Enquirer: 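To start, I am sharing the structure in question, which I have written as structure tokens.
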Amino acid sequence: MSTEENPAAAPRSLAEALRGRDDAALAALLRSRPDLITPVPTDLTQLATRAGTRASVVRALERLDRFALQTAQALAVAADPASYGELLGLLAGDDGDPAVSAALPHALATLREQALVWGGDDRLRLVRTARELLSPSPQHPSPTGLGPTVREATAGMSPGRIQEIVATAGLPSTHDSVSAVTALTTLFGDPERMSALLDEAPAESVEVLERLVWGPPYGQVTADPAARLRWLLDRGLLLPTAPGTVVLPREVALRLRAGRAHRTPEPLPPPVEAAATHRPQVVDATAAGQAYTALATVEELLKDWDEGGPAVLRAGGLSVRDLKRTAAALDTTEPVAAFWVELAYAAGLLASDGEADERYAATPAYDEWRELPAAERWALLVTAWLTATRTAGLIGGRDAKDRTLSALGPGLDRSAAPEVRHRVLTLLAALPEGAAPSHDAVLARLHWERPLRGGGRSTAGPDTSATEDRRGEDLRARIARWTLSEAEMLGITGRGALSAHGRALIGAPAPEPRSPAQEPTGPGDKLPVHHLPHHRPALPTPALSPTQQSTATAAAARLLAPLLPEPLDHVLLQADLTAVAPGPLQRPLADMLGVLADVESKGGATVYRFTPGSVRRALDSGQAASDLHAFLAAHSRTPVPQPLAYLIDDVARRHGHLRVGAASAYVRCDDDAVLNEILADRRAAGLGLRRLAPTVLAALADPAGLLEGLRAMGFAPAAESAEGDVLIARADARRTPPRTPPAPVPDGPPVPDDTLLTAAVRAVRAGDLAATTPRRTSAGDPAGPGELPRTTAAETLATMQAAVLTGEALWIGYVNAEGGASQRVIAPVRVEGGFVTAYDHTADEVRTYPLHRITGVAELAEDEG
């Protein structure tokens, strides 16, 4: 039975309204507002109190869609309580709006589910904190643009002035101000009488009302107002609120607006339509190509940092200069380079080494990642991207203290990022295969779904349009733009449309197949609007759980694997000392060729160039000239060119001819003529060389600096140990200690799972039963309502034994081993040995309690049996 049919059953408070909900409704409340469950409330009264706190209400309002928020805003300017008809009139206006009428039940149900509104349809009440946040005030204008009511605006006005206004408006005089204000309010709410009054208004006065009607409702006047303003002030159509300030009363504004609280109600979300459509095969192929490029870029980045990356700034992160160098090495822009650096960091592939001279380097996890199949490597990267709260797009901006945000530095976490990324991909998944929406359409939809989650917009701020100037975009909109761009770079989307493996990544079902008439005939063809899905107002789809995400990622990797190119086991050697790789190379071949040659150009085919420096690098890594000849012969589809063979032999002949060790450092060579040549070279002046013996030179420079200096002079020295053995320098020698990826910063408490929700609802119900169960009272009983009962040990034992015989339930106070006091309702079964065994209605199970921990016992009221 509804409260309209049974007024006596109408709840008198939010706690009573929650008490009337079933377990499923309580679980829905805790799921939509997880902050209410941390910690679990002891009873429904505490749950209602927590649901009305400012922090919790603000969080709940921020998660409302635009029309649900407009509904709450309308209730904030309506009477308290308001009927459903009054609320509908504020949203749909006097003429009615079928779309508003159809969407209002859903919006009101959302507000009720989240405990922002309670009461029946005849007595709708907005929780007090929400009303305070959304109601008009001079400090915080209402999002509706409405001002105070006539009663509020005339609160400080003299009775004589009120009577003057009533008389000028053509109303009979009254004996008190209250009845005068009531008569004025009734006049402004009467359409016919209000129309007659406005018909008498001068045209200039009507223009003033039109400027104030949609807000802001306040205006400035001089000490001697103009005639057009005086006419309005005399009739109460404008009311003074402070010296020099007037306001348009709420009742007047609503009548001028034809009853609407908002200029433009938005009951339906803006559609996300296809701006361009491509063949699904083209989308998947393009996305797969981008996915392979993403893998190659991350490998190139970490290979560049193999021997030790940039130094860590004192405040943390990369310097601007190091970011520029990284961008140049990757042949891309600095923002894109910052994205790849942050992605590798989020995936746990790079970190700081923790040394005194702290630098960035690859982690041991990078070596394991390189050994995985390409599709699995991609899956690891995109999973890290989806869940990361670090936001690369912020790099280069300023924090709250006006400090520059640097790559890998602090201050880049934005807890809304995972939710926005998932939602953007979900919107793309709702379109047909191959359909790519415009960025503005996606942003407009996101803004409708979360109009208050803009990173700083006031909860009670002015009503804004669905789209904003890009320079003034909120954080959520910027994250969405970055998401669309980053998804393209990662190969989740292709040509702006979600790929098949991208759909699998977020667990979206495969779209329904289109008929041939619906298939696009060209890459730029658009789908007819009637073929696009119709979006109903609904809460965004929640992100997948870790287990679901793992399954979805594996499915995405399986779909991507066949689209990635197969690694090749050969290259094409050319006479100009270059090698062409017509596709991706197998791991051993790519690693060895990366040491033996330098990458000259990339694209569909990669061109490597052999130089004396690159050959010397291969010899430094422990390879012999014969090994290099054999390697090239085995992996080239063309004969090894003679110039390349000569280059290898020439560098190998001179390699190791000079030996560098630690003295501080020394150079030794069997050919003293070579040492003479070095000493005579002016470029060696900075090395601090002097001859110790015909075949030995000592140096002030350290061994590494000496090696670098001699190589810059055109020699090919080799490092040696204290025993005289040649030291082999491997490219992958530098790794950080094991590191864990950065943990995401959550956006408030996590959404509880079904098990926790069931346990929490059960605990709240049990606590509420213990707190509200009536008990028998006797004269002189010291325990008041809500207090623990107090009885002596003898009285407790006697009452327990009597309850065992009669089967009655008892209300007890109990103190656990930690000293925590609680109230419980039990049905004793057995009393022996200083313990009572009873069915605990609070815990819904049989338990045993020590009698000495029971502070008191009382019988339940007879009407609660």
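Since this is a predicted model, take the numbers as computed values, not measurements.
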Enquirer: Heavy-atom distance under 4.5 Å between the side chains of M194 and V252, does that happen here?
Expert: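 SC-SC contact between M194 and V252 confirmed.
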Enquirer: Can you list the steps and then say if D65 with L69 is a side chain to side chain contact (heavy atoms under 4.5 Å, CB included)?
Expert: CA-CA 6 Å; D65 62 49; L69 183 62; over 6 Å; no
Enquirer: Quick one: pull up CG in L124 and CG in L108 and give me the separation to the nearest 0.5 Å.
Expert: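 Reported to 0.5 Å precision, the distance equals 5.5 Å.
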Enquirer: May I ask you to decide if G813's main-chain N or O and T855's side chain share a donor-acceptor pair within less than 3.5 Å?
Expert: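 Answer holds: yes.
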Enquirer: Kindly indicate whether the side chain of R765, heavy atoms from C-beta on, has any atom under 4.5 Å from the side chain of L26.
Expert: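 In contact.
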Enquirer: Looking at T53, is its backbone amide N or carbonyl O close enough to the side chain of S56 to form a donor-acceptor pair, meaning the two atoms are under 3.5 Å apart?
Expert: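 No, S56 side chain to T53 backbone: no donor-acceptor pair under 3.5 Å.
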Enquirer: Does one side chain, of R66 or H447, offer a donor that lies under 3.5 Å from an acceptor on the other?
Expert: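 Yes.
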Enquirer: Under a 4.0 Å N-O cut-off, is there an ion pair linking E449 with R445?
Expert: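 Here E449 pairs with R445 in a salt bridge, since their nearest N and O are under 4.0 Å apart.
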Enquirer: Check this for me: R112, atom CZ, are more than 12 non-hydrogen atoms of other residues, nucleotides or ligands nearer than 6.0 Å?
Expert: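 Atom CZ in R112 is crowded, with more than 12 foreign heavy atoms closer than 6.0 Å.
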Enquirer: Distance check, rounded to the nearest 0.5 Å: L198 atom CG versus R255 atom CZ?
Expert: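 Spacing of CG (L198) from CZ (R255) equals 10.0 Å.
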Enquirer: Does the R193 side chain pair with the main chain of L197, one donor and one acceptor, at a distance under 3.5 Å?
Expert: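 It does not hold such a pair.
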Enquirer: Are R250 and P136 side-chain neighbours, meaning at least one heavy-atom pair lies under 4.5 Å?
Expert: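 They are in side-chain contact.
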Enquirer: Would you confirm whether E251, through its side chain, and V150, through its main-chain N or O, come within 3.5 Å as a donor-acceptor pair?
Expert: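 A pair under 3.5 Å: yes.
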Enquirer: Kindly compute the distance separating OG (S137) from CD (E152), expressed to the nearest 0.5 Å.
Expert: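 The distance works out to 10.0 Å.
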Enquirer: Any side-chain heavy-atom pair from S32 and E113 closer than 4.5 angstrom?
Expert: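 Side chain of S32 against side chain of E113, heavy atoms only: contact under 4.5 Å found.
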Enquirer: Between R235 (side chain) and V166 (backbone), is there a donor-acceptor pair under 3.5 Å?
Expert: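 Absent.
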Enquirer: Quick one: does Q46's side chain have a donor or acceptor within less than 3.5 Å of a partner on T42's backbone?
Expert: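 Checking the backbone N and O of T42 against the side chain of Q46, a donor-acceptor pair under 3.5 Å is found.
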Enquirer: Less than 4.5 Å apart, any side-chain heavy atom of R125 and any of W118?
Expert: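 In short, these two side chains touch, coming nearer than 4.5 Å.
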Enquirer: So do L146 and L254 actually touch side chain to side chain, heavy atoms under 4.5 Å?
Expert: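 A side-chain contact under 4.5 Å exists here.
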Enquirer: Taking T154 for its side chain and M157 for its backbone only, find out whether a donor-acceptor pair lies under 3.5 Å.
Expert: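 No; judged by distance alone, with no hydrogens or angles, the pair does not exist.
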Enquirer: When you measure from the side chain of R131 to the backbone N and O of A76, does any donor-acceptor pair fall under 3.5 Å?
Expert: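 Flag set: sc R131 to bb A76 pair under 3.5 Å.
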Enquirer: Taking the side chain as everything from C-beta on, heavy atoms only, tell me whether T144 gets closer than 4.5 Å to L134.
Expert: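 A side-chain contact is absent here, since even the closest heavy-atom pair is not under 4.5 Å.
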Enquirer: Under the salt bridge (Lys or Arg N to Asp or Glu O under 4.0 Å) test, which residues partner R414, sequence neighbours left out?
Expert: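 Salt bridge (Lys or Arg N to Asp or Glu O under 4.0 Å) check on R414 returns nothing, list empty.
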Enquirer: One thing to verify: whether R31 and D753 come together as a salt bridge, which I'm taking to mean a side-chain N less than 4.0 angstrom from a carboxylate O.
Expert: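 Result for this pair is no, no salt bridge flagged.
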Enquirer: Can you tell me if T186 uses its side chain to pair, donor with acceptor, with the backbone of T182 under 3.5 Å?
Expert: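 Checked: pair present.
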Enquirer: Between R59 and E62, is the closest basic N to carboxylate O distance under 4.0 Å?
Expert: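 Here E62 does not pair with R59 in a salt bridge, since their nearest N and O are not under 4.0 Å apart.
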Enquirer: Whether the side chain of W448 engages the backbone of L443 through a donor-acceptor N/O pair (distance < 3.5 Å, no angle test) should be reported.
Expert: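 Answer holds: no.
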Enquirer: Inspect the contact between R450 and E419 and indicate whether a charged nitrogen and a carboxylate oxygen are less than 4.0 angstrom apart.
Expert: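 Looking at E419 and R450, the cut-off is met.
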Enquirer: Under a plain distance cut-off of 3.5 Å, with no hydrogens placed, do Q163 and T174 share a side-chain donor-acceptor pair?
Expert: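 Short answer, yes.
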Enquirer: CG/L90 to CG/L75 distance, rounded to the nearest 0.5 angstrom?
Expert: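 Output value for this atom pair is 8.0 Å.
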Enquirer: Output yes when D80 and R123 qualify as a salt bridge under the 4.0 Å nitrogen-oxygen rule, no when they do not.
Expert: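 No, this pair does not count.
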Enquirer: Could you check whether any side-chain heavy atom of V221 comes within less than 4.5 Å of a side-chain heavy atom of T245, counting everything from C-beta outward?
Expert: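 The answer is no, as the side chains (C-beta and beyond) never meet within the 4.5 Å cut-off.
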